[in-house]
Amino acid sequence: AMDQPLYVFDRRAPHRPAYALTGIRAFAPEALPQIANAQREAGGAMLPACQPPKPPHMAPGELLLTRRAPSQADPAVACWRILRVATTPTGIEIRADDGDSPRPVKDAPDWSALAARMAALAAPVDAQARAHVTRARAPLRETPDPKSAPRGWLVKGDAVVVLERKAGLAKVLHVGRDGQATERWLAERDIAPDAAR
């Protein structure tokens, strides 16, 4: 229900402050271009963004949240405020495109206990998704086609998160030392779960 709080927390560190938000909807990052499209037909199924998203796409790993708000141009018309949830070295952070970012809950002992239990349930799933490259030089591909030309490489020991598996290939997310995130396909035989290290 829209009037019930939605809690956003870092399941790897449930003791850190969480965000308690109401009136929130979650969308897949792929929905952002549709929300951002100001030229849509009137009466479209999805509300527009209150202001143009900056940047107009989501970074890999970001979560897209929206909150319904009145438009500044016409308060009788509704629009979506865009909130971006991202992981930082100190935990998670929620940034609003309009600059009015929510603040985390400072003291929520009841929520912390629940978050810890949820984190324990999610841990086995996280463990299955986290892997590392086992091949000296593993080719990356744009599509799940083993015959497509490689576009880059990962090397032995590189950490990845498996997003999808298809036809002997795995779509992985890799964050380089420069902080750049890459989503590409590589052969499943070229990676192993972290638990197997």
Side-chain angles (χ1 to χ4, degrees), residues 5-33 35-36 49 51 53-67 80-133 138 140 152 154-155 157-165 170-186 191-197:
L6 173 87
Y7 289 98
V8 182
F9 72 100
D10 185 346
R11 66 185 182 206
R12 296 164 305 165
H15 59 280
R16 289 182 175 155
Y19 292 81
L21 309 170
T22 55
I24 295 292
R25 293 212 184 261
F27 285 98
E30 294 78 25
L32 188 59
I35 295 170
Q51 65 180 50
K54 297 176 187 173
H57 57 275
M58 301 297 289
E62 277 188 323
L63 174 66
L64 172 63
L65 301 178
T66 59
R67 176 180 279 151
W80 288 125
R81 286 186 65 226
I82 296 172
L83 307 173
R84 299 165 188 259
V85 182
T87 303
T88 69
T90 58
I92 58 167
E93 178 180 87
I94 300 181
R95 183 176 57 81
D97 276 5
D98 62 9
D100 187 15
S101 299
R103 302 280 179 252
V105 176
K106 294 289 185 193
D107 185 24
D110 293 341
W111 167 247
S112 294
L114 178 58
R117 287 195 297 275
M118 292 175 68
L121 292 172
V125 177
D126 278 350
Q128 290 176 3
R130 298 190 183 280
H132 61 279
V133 176
L140 296 169
L154 290 180
V155 297
D158 280 345
V160 296
V161 175
V162 178
L163 304 174
E164 186 180 341
R165 296 177 192 270
K171 185 177 185 181
V172 299
L173 170 67
H174 171 72
V175 180
R177 291 189 184 113
D178 59 359
Q180 290 291 327
T182 304
E183 285 186 28
R184 294 282 191 278
W185 293 84
L186 53 72
I191 59 172
D194 277 352
R197 233 186 232 218

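For this chain, numbers begin at 1 and follow the sequence in order.
- Residues passing the side-chain contact (heavy atoms from CB on, under 4.5 Å) test with Leu63 are Leu65, Val85, sequence neighbours excluded.
- Taken to the nearest 0.5 Å, the CD1 atom of Ile191 stands 5.5 Å off from the CG atom of Leu186.
- Residues that satisfy the salt bridge (Lys or Arg N to Asp or Glu O under 4.0 Å) test with Glu183, not counting sequence neighbours, are Lys171.
- One distance of note links CD of Gln51 with CH2 of Trp80; it measures 16.0 Å at 0.5 Å rounding.
- A distance of 4.0 Å separates CG of Leu154 from CG of Leu140, quoted to the nearest 0.5 Å.
- A donor-acceptor pair under 3.5 Å links the side-chain atoms of His174 to the main chain of Ala159, judged by distance alone.
- Every residue two or more places apart in sequence or in another chain was checked for a side chain to side chain donor-acceptor pair (under 3.5 Å) with Arg67, and none qualifies.
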Exercise. Can you check side chain to side chain contact (heavy atoms under 4.5 Å, CB included) on Leu83 and Ile24, steps first, answer last?
Worked result: CA-CA 9 Å; Leu83 307 173; Ile24 295 292; 3.6 Å; yes
Listing, residues 94-101 side-chain donor-acceptor contacts under 3.5 Å, not counting sequence neighbours, or none:
residue : atom : partner : partner atom : Å
Asp97   : OD1  : Arg84   : NE           : 2.8
Asp97   : OD2  : Arg84   : NH2          : 3.2
Asp98   : OD1  : Arg81   : NH2          : 3.0
Asp98   : OD1  : Asp100  : N            : 3.0
Asp98   : OD2  : Arg81   : NE           : 2.6
Asp98   : OD2  : Arg81   : NH2          : 3.3
Ser101  : OG   : Ala96   : N            : 3.0

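- Residues Ile35 and Pro53 are not in side-chain contact: their nearest non-hydrogen atoms beyond the backbone lie 4.5 Å or more apart.
- Atom CZ of residue Arg130 and atom CG of residue Leu173 lie 9.5 Å apart, to the nearest 0.5 angstrom.
- The two residues Tyr19 and Glu93 come nearest to each other via the heavy atoms OH-CA, 3.7 Å.
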